[in-house]
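Bear in mind that the values here come from a model prediction, so they are computed numbers and not experimental data.
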Amino acid sequence: MTQHKRRASAQQVIRKRAVVAAAFVGTVALGTGVGVWASSGGGGGTQDGGARQSSSGRVADTGGAATPSASPTPSRSYPLSRAPRTIPAVRSHTAARGPGWKPQKADRVVVSDGELADEGRLIAGELGIAYAGEKDDVRAGDVRLALGGGGGNQESYTMTVRDGRVDISGPGEAGVFYGTRTLKQEIHGGGTAPEGVVRDEPAKPVRGFMLDIARKPFSESWIEDRIRELGDLKFNELGLHFSDDQAFRIQSSSHPEIVSPDHLSKAQVKRIVALADSRHITVVPEIDSPGHLGAVLAAHPDLQLRNASGIATKGAIDISKPASAKIVDDLLNEYSGLFTGNQWHLGGDEYQALTVKDPQASYPQLAAAARQKYGAGGTVADLATGWLNDRAATVRAHGKTMRAWNDGFYRGTSVQPAKDLQVAYWTGKEIGARQPVDYLSTGRKVLNYNDEFLYYVLGQPQTFVYPTGQRIYEQWNPRVLRGTTAVPASYDGQILGGSFAVWCDFPNAQSEAQVAAGVRMPLRATVQKLWDPGQPTLTWTDFKALADRLG
């Protein structure tokens, strides 16, 4: 062999080794967060050489035969694609080779099912391309939305970027919508949707944001901006706490006398609910009782709870009076049609009659009513539990699933809270406080509102400090219900999810704009942990940089 041929042969070996090495440099573990793919560039293409990294950390060979390249230059080779960088992170991505997809003026969004028209129009407008409606033909550049496939999780979806097209499918409309949110973030964050297949679904079915509009009136436009933000982040609940001691903030036809001057009209609420519905967000109303009813009682002082000395008890309604139950039921019935979702928050917390040393002695009228209703051993706590059960019956008749604050579930009562009441666990500081396991061990479903991580309380009263996204991202997960300690993993299935909450104890402490800025990163950290509770792969610094890039 001549020297020239030996050099050429050596160069061929080097090139072959480089190709083989490139084929094996597939992925670095997605783990439980955003993955970092070893190759550079946002492209990806065919299934050639692809490897899939799941959230379990196992790499699976995709196995399929190579498909023709969608590249305008057939001989061009592409590195394996990188996993999408999104918030929350996708759970699984199958890498591939190819140019990926980026919107061009001639591209279109089409749907295979008419039910997806709203999702199709929305993503088309966001990407600046045409919405073409229901179509059966296949064109280069298409983004196609379809129902079908997947398992039983209606929020799951599959997104395939291949041959210059994007296909997003899922068993339910919500999942397809979330697929469009992933696509939107990919394009806005990097310009190109990477080649390959995303398979994604949330770990928790409840991903919420709760807003106290009773103490601080928020404008319709501000609330709608938050809904758009929540939808892009794959949240699916917006809680509205609109009745409290300070104000009652929604127009009422059954009791107009209780409504505060600065309030939302029913037409405004309908628009809010409709926008939320278009983003697959359930609006969860809360009329708290039997405490926190000061605004109602200001118009009905005869229903105010008074102790044995005749002193009024702040915010507390007298649950021994039939008229008290009637006015609250009037409101629950009235608003059940306005809020069309299937969830309702009954409140139940901080009833001041039960924060004194001897409720029976301090409130003899409540003790007498308890004995009359439940026998000689009836207590004020029994009466309060019965009140909650009766309000649950009112709401249940409208087909709603109900929750109540954990301090509305009293220990040692002969009357037990309704079995279908979910526990909104927020504190362990109440009198007679119980550990979260006390609720879980009875089989109750629990929602995480942990006040040490998820409470943004304006003015930072008592021991509250504004929560940071970093602390949530690095230290919290849905099993951390109280303090910083997680409940045993065996209870994970009973924890439905959680909610980040804004409370407005000092309403003027921050403006609307300051609240929006203050909750921006905490919301992103919260949804990351609700979508995938495991330890994220990205550092907090990288996660924050990603959030800044995505906008």
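- The shortest non-hydrogen separation linking Ile223 to Ile213 is CD1-CG2, 4.4 Å.
- Between the NE2 atom of His263 and the CD1 atom of Ile258 there is a distance of 11.0 Å, given to the nearest 0.5 Å.
- Once rounded to the nearest 0.5 Å, the distance linking CD of Glu201 with CD of Glu155 reads 9.5 Å.
- Remark: Arg249 pairs with no residue by the salt bridge (Lys or Arg N to Asp or Glu O under 4.0 Å) rule, at least two apart or across chains.
- Considering only heavy atoms from C-beta on, Leu440 comes within 4.5 Å of Ile495 through its side chain.
- Between Arg228 and Asp232 there is no salt bridge, since no side-chain N of the basic residue sits under 4.0 Å from a carboxylate O of the acidic one.
- Here the closest non-hydrogen pair linking Leu293 and Asp245 is N-OD1, 3.3 Å.
- Here the closest heavy-atom approach between residue Val395 and residue Leu346 is recorded as CG2-CD2, 3.8 Å.
- A donor and an acceptor atom, one from each side chain of His255 and Glu334, are nowhere located under 3.5 Å apart.
- In summary, of the residues considered (Leu454, Val457, Val519), a side-chain contact (heavy atoms from CB on, under 4.5 Å) with Val502 occurs for Val519 alone.
- Aromatic ring centres of Tyr425 and Tyr449 lie farther apart than the 6.0 Å criterion allows.
- Between the side chains of Tyr473 and Gln528, no donor-acceptor pair is found at a separation under 3.5 Å.
- Using a 4.5 Å heavy-atom cutoff, the side chains of Leu421 and Phe409 are in contact.
- Under a 4.0 Å N-O distance rule, the pair Lys270/Asp277 does not qualify as a salt bridge.
- More than 12 heavy atoms of other residues, nucleotides or ligands lie within 6.0 Å of NZ in Lys321, so this atom counts as buried by the packing criterion.
- Judged purely by atom type and a 3.5 angstrom limit, Asn307 uses its side chain to pair as donor or acceptor with the backbone of Ser309.
- Of all heavy-atom pairs between Ala547 and Arg520, the closest is O-NH2, 3.0 Å.
- Relative to the six-membered ring of Trp531, Lys234 meets both conditions, a distance below 6.0 Å and an angle of at most 45° to the axis.
- By the 4.5 Å heavy-atom criterion applied to side chains, Tyr410 and Val415 are not counted as neighbours.
- Contact annotation: the side chain of Tyr439 never approaches that of Gln494 to less than 4.5 Å [non-hydrogen atoms, C-beta and beyond].
- Tyr455 and Trp405 have perpendicular rings, their planes meeting at more than 60° on a 0 to 90° scale where under 30° would count as parallel.
- Contact check for Trp476 versus Arg471: no side-chain heavy atoms found under the 4.5 Å cut-off.
- Inter-residue side-chain proximity for Asp505 and Arg215 is flagged as met; some heavy-atom pair is nearer than 4.5 Å.
- Within the 3.5 Å criterion, the main-chain N or O of Glu350 finds a donor-acceptor partner in the side chain of Gln352.
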- Task: Step by step, work out the side chain to side chain contact (heavy atoms under 4.5 Å, CB included) result for Leu331 and Ser252.
- Result: CA-CA 8 Å; Leu331 297 170; Ser252 172; 3.9 Å; yes
- Message: Walk me through whether Tyr335 and Phe242 qualify under ring pair (Phe, Tyr, Trp, His ring centres under 6.0 Å).
- Response: CA-CA 11 Å; Tyr335 292 109; Phe242 65 92; 5.3 Å; yes
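- Looking only at distances, no side-chain donor or acceptor of Tyr363 sits under 3.5 Å from a matching main-chain atom of Val380.
- Not one N or O on the side chain of Glu474 forms a donor-acceptor pair closer than 3.5 Å with the backbone of Trp540.
- Although no hydrogens or angles enter the test, the distance criterion places a donor-acceptor pair under 3.5 Å between the side chain of Asp200 and the main chain of Arg91.
- Within 6.0 Å of NZ in Lys429 there are more than 12 heavy atoms belonging to other residues, nucleotides or ligands.
- To the nearest 0.5 Å, atom OH of residue Tyr456 and atom CG of residue Asp212 are 13.5 Å apart.
- Salt bridge Lys373/Asp390: present, at least one basic N to carboxylate O contact under 4.0 Å.
- For Thr182 and Tyr157, the side-chain atoms include at least one donor-acceptor pair closer than 3.5 Å.
- Side chains of Glu173 and Asp118 form no contact here, defined as non-hydrogen atoms less than 4.5 Å apart.
- Of all heavy-atom pairs between Pro533 and Asn477, the closest is O-CB, 3.8 Å.
- Panel note: side chain Ser289, backbone Gly291; no donor-acceptor pair is recorded below 3.5 Å.
- Heavy-atom contacts from other residues, nucleotides or ligands closer than 6.0 Å to CD of Gln372 number 12 or fewer.
- Using the six-membered ring where Trp is involved, His280 and Phe177 have ring planes that are tilted, between 30° and 60° apart.
- Checking each of Asp420, Thr401, Asn389 against Arg396 for a side-chain contact (heavy atoms from CB on, under 4.5 Å) leaves exactly one that passes, namely Asp420.
- No donor-acceptor distance shorter than 3.5 angstrom exists from the side chain of Arg482 to the backbone of Val487, with no hydrogens or angles considered.
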- Given Val176 and Asp113, is the side chain to side chain contact (heavy atoms under 4.5 Å, CB included) satisfied, shown in steps? CA-CA 11 Å; Val176 175; Asp113 305 272; over 6 Å; no
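- No donor-acceptor pair under 3.5 Å is formed between the side chain of Lys216 and the backbone N or O of Ser511.
- Side chain to side chain, Asp262 and Ser260 fail the donor-acceptor criterion of an N or O pair below 3.5 Å.
- Asn342 contributes no side-chain N or O that, together with a main-chain N or O of Gly399, makes up a donor-acceptor pair within less than 3.5 Å.
- The backbone N or O of Ala370 lies less than 3.5 Å from no partner atom in the side chain of Asp382, so there is not a single donor-acceptor pair.
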- Query: When you look at Thr385 and Tyr374, which way does the side chain to side chain contact (heavy atoms under 4.5 Å, CB included) test go after all the steps?
  - Reply: CA-CA 11 Å; Thr385 303; Tyr374 300 113; over 6 Å; no
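- Other residues, nucleotides and ligands contribute more than 12 heavy atoms inside 6.0 Å of the NZ atom of Lys266.
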- Message: With side chain to side chain contact (heavy atoms under 4.5 Å, CB included) as the criterion, how do Ile319 and Ser324 come out once you've worked through the C-alpha distance, each side chain's angles and the decisive distance to 0.1 Å?
- Response: CA-CA 6 Å; Ile319 59 176; Ser324 295; 5.6 Å; no
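- The structure places CD of Gln304 at 12.0 Å from CD1 of Ile311, a figure rounded to the nearest 0.5 Å.
- A salt bridge is absent between Arg279 and Glu229: the closest approach of a Lys/Arg side-chain nitrogen to an acidic carboxylate oxygen does not fall below 4.0 angstrom.
- Taking both residues in full, the closest heavy atoms of Ser362 and Val356 are given as OG-CG2, 3.8 Å, listed atom of the first, atom of the second, then distance.
- Looking only at side-chain heavy atoms (C-beta outward), Ile87 and Leu550 come within less than 4.5 Å of each other.
- A distance of 5.5 Å separates CD1 of Ile227 from CG of Leu238, quoted to the nearest 0.5 Å.
- Note: Phe218 CZ to Leu264 CG = 11.5 Å, rounded to the nearest 0.5 Å.
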